A.B. asks: 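Can you keep this structure in mind? I'll have questions shortly.
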2 protein chains.
Amino acid sequence: MPETAPPTGDGQETTASYTPTARTVPTRGRERASYDRELVHSVLDEAYVCHLGFVRDGAPVVLPTLFGRIGERLYVHGSTGSRPLREAGAGTPGLPVCLTVTHVDGLVLARSAFHHSVNYRCVVVHGTALPVTGPEERRVALDAIVDQAVPGRSRDSRPADTKELAATAVLRLDLDEVSAKVRTGGPGDEPSDLALPYWAGVLPLTRGHGAPVPSDDLDPAVPVPDYLAPR
Amino acid sequence: MPETAPPTGDGQETTASYTPTARTVPTRGRERASYDRELVHSVLDEAYVCHLGFVRDGAPVVLPTLFGRIGERLYVHGSTGSRPLREAGAGTPGLPVCLTVTHVDGLVLARSAFHHSVNYRCVVVHGTALPVTGPEERRVALDAIVDQAVPGRSRDSRPADTKELAATAVLRLDLDEVSAKVRTGGPGDEPSDLALPYWAGVLPLTRGHGAPVPSDDLDPAVPVPDYLAPR
């Protein structure tokens, strides 16, 4: 395998959709659920952070964290001293997790309070996070995590050295039990409410970025890289 | 109690900070943790959705959902047919949950891949979600959920009728075991990396909204309300 070839899942990329399971078929809003692989990837790739859920002492814990995707695998990382990473690394069978990514695209204002909603795209991944121990997979995983936020950045920074690698735990979560859920469009008001004197529609939400702020100690001769240009 | 008075917690609003617990003191990055009540409230109030974690069949589940805050109580709602709401409503002792809100404020680019980070503000709430059954508390909770996204909107829409109220479950989560975590500032590069030829600094992320998009069936005579003005 060439160094830049991403690790793949179990050949799942040959199908267009994930297979629904009892956990990925919602009890409500089934018409909004999707198992389309391309949609799932696009929602994941647009995110800066995910929310990672796990169980500690019988209770749920949800923490935001950086992540990266290579093909059909997600990676998260953290200090070898962090609790979830220690627990996942404690051996078989790994750490049961739920990894969720959400984009809120608009606020949906209906005439009735009841039909207020949001337009959103979310992906929910169920599975078991496993420690990544192979040096090559750890290396490409860490690059993917850096590139998730700023594509191209991993090639324009100093790679982790031996000491930093030793301090970093990497977990892998295969994209296997996965669903997306998407809401678009305007409010779904009741016909009997349409004549009420309340404004109804969508307030689109936007995301962007400001001008890059150089570090105080940055040599002014270092130019702003192309990958930070307005997008 | 007048109708507009918010339910309060247990008099906790008289102290400036939440009391740290074993669950709210992080093993890593303690210097970023805060228990300041005003900070916690401000992070919560700026969010459109939270990520709600609970345990189902021993495994974690994390779902995005709307929420609202009244004083020291958070509220979430959903269909009476949804699984977590059914489970919480099944009686004592309620549903153990972790409710997390995250804002990503900037991407932190260091010379080293290892020191890449994000500037963020997050709040993590641990506790037990309990069903809200009192009609008055349900009413103000539902208003708070609508007003969380668009302050003032609940007064400018049709309130839920009897049938809608019967279809809606409301859960309450007291702000008791709570922490915030905040990262600000530039990258924390190693002194030995400062002369490397890589750009370093912060890419600030911004959020905003576009022009309100009226519903196709909206009477053009209905004006855009003031609370949708640019903000």
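All values derive from a computational prediction rather than experimental measurement. To find a chain, count down the sequence lines: A is the first, B the second, and so on, and within it residues start at 1. Basis for what follows: all heavy atoms, side chains included, without hydrogens, waters or symmetry-related copies.
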A.B. asks: Looking at Ile145(B), Val202(B), Val222(B), which one has more heavy-atom pairs under 4.5 Å with chain A than the rest?
C.D. replies: Val202(B)
A.B. asks: Would you call Glu164(A) and Arg158(A) a salt bridge, using N to O less than 4.0 angstrom?
C.D. replies: yes
A.B. asks: Considering only heavy atoms, which portion of Ala195(A) lies under 4.5 Å from any heavy atom of chain B: side chain, backbone, both, or neither?
C.D. replies: neither
A.B. asks: Count the heavy-atom pairs under 4.5 Å between each of Ser112(A), Pro96(A), Gly29(A) and chain B, then report the option with the highest count.
C.D. replies: Ser112(A)
A.B. asks: Under 4.5 Å from any heavy atom of chain B, what part of Arg153(A) do you find: side chain, backbone, both or neither?
C.D. replies: side chain
A.B. asks: Counting N and O atoms only, with roles assigned by atom type, does the side chain of Thr21(A) sit under 3.5 Å from a partner on the main chain of Glu177(A), one being a donor and the other an acceptor?
C.D. replies: no
A.B. asks: Strictly distance-based, threshold 3.5 Å: is any side-chain N or O of Glu46(A) a donor or acceptor partner for the main-chain N or O of Val43(A)?
C.D. replies: no
A.B. asks: Need one label for Asp193(A): side chain, backbone, both or neither, based on atoms under 4.5 Å from any heavy atom in chain B.
C.D. replies: side chain
A.B. asks: Please identify, among Gly186(A), Ala110(A), Pro159(A), Ala160(A), the residue contributing the most non-hydrogen atom pairs under 4.5 Å to chain B.
C.D. replies: Ala110(A)
A.B. asks: Hey, is the main chain of Arg111(B) close enough, under 3.5 Å, to the side chain of Glu190(B) for a donor-acceptor pair?
C.D. replies: no
A.B. asks: Where the side chain of Asp105(B) meets the backbone of Pro204(B), is there a donor-acceptor pair that is under 3.5 Å apart?
C.D. replies: no
A.B. asks: Could you tell me which of His116(A), His51(A), Arg23(A) has the largest number of non-hydrogen atom pairs under 4.5 Å with chain B?
C.D. replies: His51(A)
A.B. asks: As an exercise: rank Val101(B), Leu196(B), Asp156(B), Val97(B) by heavy-atom pairs under 4.5 Å with chain A and give me the winner.
C.D. replies: Asp156(B)
A.B. asks: Examine whether an atom of Ala221(A) lies under 4.5 Å from a heavy atom of chain B, and if so say whether it belongs to the side chain, the backbone or both; otherwise answer neither.
C.D. replies: neither
A.B. asks: Which atoms of Leu165(A) come close to chain B, meaning under 4.5 Å heavy atom to heavy atom: side chain ones, backbone ones, both, or neither?
C.D. replies: neither
A.B. asks: Top residue by heavy-atom pair count (under 4.5 Å) with chain B, among Ser157(A), Ala113(A), Ser215(A), Gly201(A)?
C.D. replies: Ser157(A)
A.B. asks: Tell me, side chain or backbone of Thr128(A) under 4.5 Å from chain B's heavy atoms, or both, or neither?
C.D. replies: neither
A.B. asks: So, does Arg30(A) use its side chain to make a donor-acceptor pair with the main chain of Pro26(A) at under 3.5 Å?
C.D. replies: yes
A.B. asks: So which of Leu99(A), Leu52(A), Leu171(A) actually passes side chain to side chain contact (heavy atoms under 4.5 Å, CB included) with Thr65(A)?
C.D. replies: Leu52(A)
A.B. asks: Using the side chain to side chain contact (heavy atoms under 4.5 Å, CB included) criterion, which residues pair with Pro214(B)? Sequence neighbours excluded.
C.D. replies: Trp199(A), Leu218(B)
A.B. asks: Which bit of Thr102(A) comes within less than 4.5 Å of chain B, counting heavy atoms only: side chain, backbone, both or neither?
C.D. replies: both
A.B. asks: Under 4.5 Å, counting heavy-atom pairs only, tell me which of Val124(B), Thr168(B), Leu109(B) racks up the most with chain A.
C.D. replies: Leu109(B)
A.B. asks: Is there a donor-acceptor contact under 3.5 Å linking the side chains of His126(A) and Thr24(A)?
C.D. replies: no
A.B. asks: Spell out, as yes or no, whether a donor-acceptor pair under 3.5 Å connects the side chain of Asp143(A) to the backbone of Ser154(A).
C.D. replies: no
A.B. asks: Given the options Asp216(A), Val61(A), Asp57(A), Asp219(A), which has more heavy-atom pairs under 4.5 Å with chain B than any of the others?
C.D. replies: Val61(A)
A.B. asks: Given that the side chain runs from C-beta out, which part of Pro212(B) has a heavy atom under 4.5 Å from chain A: side chain, backbone, both or neither?
C.D. replies: both
A.B. asks: Among residues at least two apart in sequence or on other chains, which ones pass side chain to side chain contact (heavy atoms under 4.5 Å, CB included) with Ala180(A)?
C.D. replies: Ser34(A), Leu39(A), Val40(A), Val123(A)
A.B. asks: For each of Val224(A), Val104(A), Val118(A), tally heavy-atom pairs with chain B at distances under 4.5 Å, and name the one with the top tally.
C.D. replies: Val224(A)
A.B. asks: Heavy-atom distance under 4.5 Å to chain B: side chain of Ala22(A), backbone, both or neither?
C.D. replies: backbone
